[in-house]
2 protein chains.
Amino acid sequence: MEQYEHTCMIRGDGGRAIRGILDRICDKWTMLIVATLDEGRMRFTHLHQHIPGISQRMLTLTLRNLERDGLVSRTAYAEVPPRVEYALTDRGKSLIPPALALARWAIEHSNDIQASRDTYDTQDG
Amino acid sequence: MEQYEHTCMIRGDGGRAIRGILDRICDKWTMLIVATLDEGRMRFTHLHQHIPGISQRMLTLTLRNLERDGLVSRTAYAEVPPRVEYALTDRGKSLIPPALALARWAIEHSNDIQASRDTYDTQDG
DNA sequence: CGGTATCCACCTAGATACTG
DNA sequence: CAGTATCTAGGTGGATACCG
């Protein structure tokens, strides 16, 4: 009820802070990669296989961005063939709870939202 | 700690459910509009004035999508000049707490993330 | 006042081919 | 194995002009 006083956090500086984060979190693959890495440290190929539909290019690009933001660590071993492992940093792990909160909301409301969309779309056009 | 068992919610069906929602939540203006409407019901022009940088087109488009998803209600009064008011529905209000959780995370980590980016970007290139 | 319609620049992400 | 390079289609959002 009294949450309104806190939504200024979202509107804050015209929304720049929150949007800067959302831009990272909400692209097509970030959430999926973070959630997958929550399972533990993992090689490139393993990630590639466990995230259906992602291309090599997008996996690389998204991992680079996550690394840049300090959410994921990258460890390359000097072997042949090469081995590279990715893992969530503490900062990356700290993203999981709020992400879960959003996921929970999404799951809980997805049926209702879909129903609303269907209704809206079939109104006489 | 034991959150891993729950991240399957995010990965779920290959991420389709959560991404369908994220696509709505995470576009350029949705969060800002929802946060602004948390203040109370509001006219089109008032929204336009209180969300810096948004165009009429994007305000209309985003409001239509929110209405379609049942997160915002639209009430048009048969007057001249026309008056249209927007308000969060109960479903729309229910989005605020998880959105705040994410905003909180964003604010708390934005300095560290920016620092990581700076470091990453200045590494010999 | 509260929109639509139109045009356009940019960016994202997919497909494909190639490499240390 | 773990990438990089290149090309391109499609979508998002801004600018501008007009309308009931």
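Below, chains carry the letters A, B, ... as their sequence lines are ordered, and counting in each starts from 1.
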Under 4.0 angstrom, heavy atoms only, what part of the nucleic acid is [X] near: base, sugar-phosphate, or nothing?
X       : value
B:Tyr86 : sugar-phosphate
A:Arg43 : sugar-phosphate
B:Arg83 : sugar-phosphate

Please report the distance, rounded to the nearest Å, between [atom1] in [X] and [atom2] in [N].
X       : N      : atom1 : atom2 : answer
A:Leu59 : C:dT12 : CG    : P     : 17 Å
B:Glu85 : C:dG2  : CD    : P     : 9 Å
B:His48 : C:dC1  : NE2   : C1'   : 12 Å
B:Tyr77 : C:dG3  : OH    : P     : 13 Å
A:Arg74 : D:dA2  : CZ    : P     : 10 Å
A:Met58 : C:dC11 : CE    : C1'   : 11 Å
A:Ile51 : C:dG14 : CD1   : P     : 12 Å
A:Leu47 : D:dC1  : CG    : P     : 14 Å

Does [X] pair with [Y] as a salt bridge, N-O distance under 4.0 Å?
X       : Y       : result
A:Arg91 : A:Asp69 : no
B:Arg43 : B:Glu85 : no
B:Lys93 : B:Asp38 : no

The side chain of [X] is closest to which nucleotide in this list: [options]?
X       : options               : result
B:Arg57 : D:dG14, C:dT4, C:dG14 : D:dG14
B:Ser55 : D:dG14, C:dA13, D:dC1 : D:dG14
B:Lys28 : D:dC1, D:dG14, D:dA5  : D:dG14
A:Gln56 : C:dA17, D:dC1, D:dA17 : C:dA17
B:Arg64 : D:dG3, C:dG3, D:dG14  : C:dG3

**Message:** Quick one, B:Arg64 with A:Tyr120, criterion side-chain contact (heavy atoms from CB on, under 4.5 Å). Give me CA distance, side-chain angles, the key distance, then yes/no.
**Reply:** CA-CA 10 Å; B:Arg64 287 290 173 280; A:Tyr120 188 97; 3.6 Å; yes
**Message:** Please compare A:Pro82 and B:Leu63 by the position of their nearest nucleotide in DNA chain C and report the one closer to 5'.
**Reply:** B:Leu63
**Item:** Option among A:Thr62, A:Ile25, A:Ile96 that satisfies the side chain to side chain contact (heavy atoms under 4.5 Å, CB included) test with A:Val34
**Value:** A:Ile96
